[in-house]
Amino acid sequence: FDTAEAADGDEALAQVRSLRPDLMVIDNGMPSLSGTEVTRSLRASPAFADLPIIAVSASTTPADEQRCLAAGVNAFFTKPVDVHALLETIGKLLALEWTVREGGPPLSG
């Protein structure tokens, strides 16, 4: 995968518009614009209506998860993120078939 990183919500929006990624993982607690605000902005644009977005948050309240889902994210994870669950979700959202090396850890948990 090619990846890019943004320091805040404004930069995240600019990078998505410029790079046109296949998937976005966004922290909900970013400076300038929250992950929820970035998601709402992207969902308002037909060009990004179907972009898979995964929200990550330090907040574990059901209300925060519901706000993210209502804004249009496809999946929500709390920190610390379960890497296996994240990879499984990425695989589903991008219709990937993961290949695991012999003797390597299984994809699911």
Side-chain angles (χ1 to χ4, degrees):
F1 295 102
D2 291 329
T3 63
E5 185 176 323
D8 60 39
D10 290 318
E11 186 180 341
L13 275 176
Q15 285 197 28
V16 167
R17 290 177 178 140
S18 165
L19 299 173
R20 318 238 351 132
D22 295 316
L23 179 134
M24 179 180 197
V25 178
I26 190 161
D27 192 322
N28 201 41
M30 294 188 311
S32 75
L33 296 172
S34 71
T36 303
E37 292 168 318
V38 170
T39 299
R40 281 192 191 111
S41 178
L42 291 171
R43 292 299 186 230
S45 168
F48 302 107
D50 295 325
L51 173 69
I53 301 174
I54 299 172
V56 176
S57 179
S59 174
T60 60
T61 69
D64 285 331
E65 180 176 0
Q66 286 306 311
R67 269 192 293 279
C68 288
L69 292 169
V73 302
N74 300 87
F76 178 87
F77 286 88
T78 57
K79 294 178 184 178
V81 174
D82 178 331
V83 174
H84 292 293
L86 177 63
L87 290 174
E88 191 172 291
T89 299
I90 289 171
K92 287 178 186 173
L93 290 171
L94 296 178
L96 301 175
E97 184 175 324
W98 293 106
T99 302
V100 179
R101 262 187 263 174
E102 189 175 318
L107 183 57
S108 33

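Hydrogens, waters and symmetry mates are skipped; everything else that's a heavy atom, side chains included, is used.
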- Item | Smallest separation among heavy atoms of A47 and R20, with atom names | CB-NH2, 3.6 Å
- Message: Hydrophobic clusters here meaning ILVMFWY residues chained together by side-chain heavy-atom distances under 4.5 Å, can you tell me if L93 and L86 are in one?
- Response: yes
- Item | Same apolar cluster: I54 and L69, side chain cutoff 4.5 Å | no
- Query: Are F76 and L87 connected in the hydrophobic side-chain network, where two residues link if heavy atoms are under 4.5 Å apart?
  - Reply: no
- For L42 and F48 the tightest heavy-atom approach is O-CB, 3.5 Å
- Please, which pairs that meet side-chain hydrogen bond (donor to acceptor under 3.5 Å, both in side chains) have at least one residue in residues 42-54, sequence neighbours excluded? R43-N74
- Note on the structure: Apart from L19 itself, its cluster of hydrophobic side chains linked below 4.5 Å comprises none
- Message: For the residue pair T39 / R67, report whether a side-chain donor-acceptor contact shorter than 3.5 Å exists.
- Response: no
- Item | Min side-chain heavy-atom separation P52-D22 under 4.5 Å | no
- Message: Which residues pass the side chain to side chain donor-acceptor pair (under 3.5 Å) test with K92, not counting sequence neighbours?
- Response: none
- Item | Rounded distance (nearest 0.5 Å) linking atom CD of E65 with atom OG1 of T60 | 10.0 Å
- Message: Test your reading of the model: is there a side-chain donor-acceptor pair from S32 to the backbone of D8, 3.5 Å cut-off?
- Response: no
- Message: Apply side chain to side chain contact (heavy atoms under 4.5 Å, CB included) to residues F1 and L23 and explain how you reach the verdict.
- Response: CA-CA 10 Å; F1 295 102; L23 179 134; over 6 Å; no
- Separation between CD (E37) and CD1 (I26), nearest 0.5 Å, reads 10.0 Å
- Query: Are L13 and V25 connected, step by step, through hydrophobic side chains (Ile, Leu, Val, Met, Phe, Trp, Tyr) whose heavy atoms are closer than 4.5 Å?
  - Reply: no
- Item | Considering all heavy atoms, the nearest T89-A75 contact | CG2-CB, 3.7 Å
- Task: Compare every heavy atom of A7 with every heavy atom of P31, then report the nearest pair and how far apart it is.
- Result: CD-O, 3.7 Å
- Nearest heavy atoms of A71 and R40, plus distance in Å: CB-CG, 3.8 Å
- Nearest-0.5 Å distance, CD of residue E11 to CG of residue L33: 12.0 Å
- Query: Does L94 share a hydrophobic cluster with M24, counting links as ILVMFWY side-chain heavy atoms below 4.5 Å and allowing steps through other members?
  - Reply: no
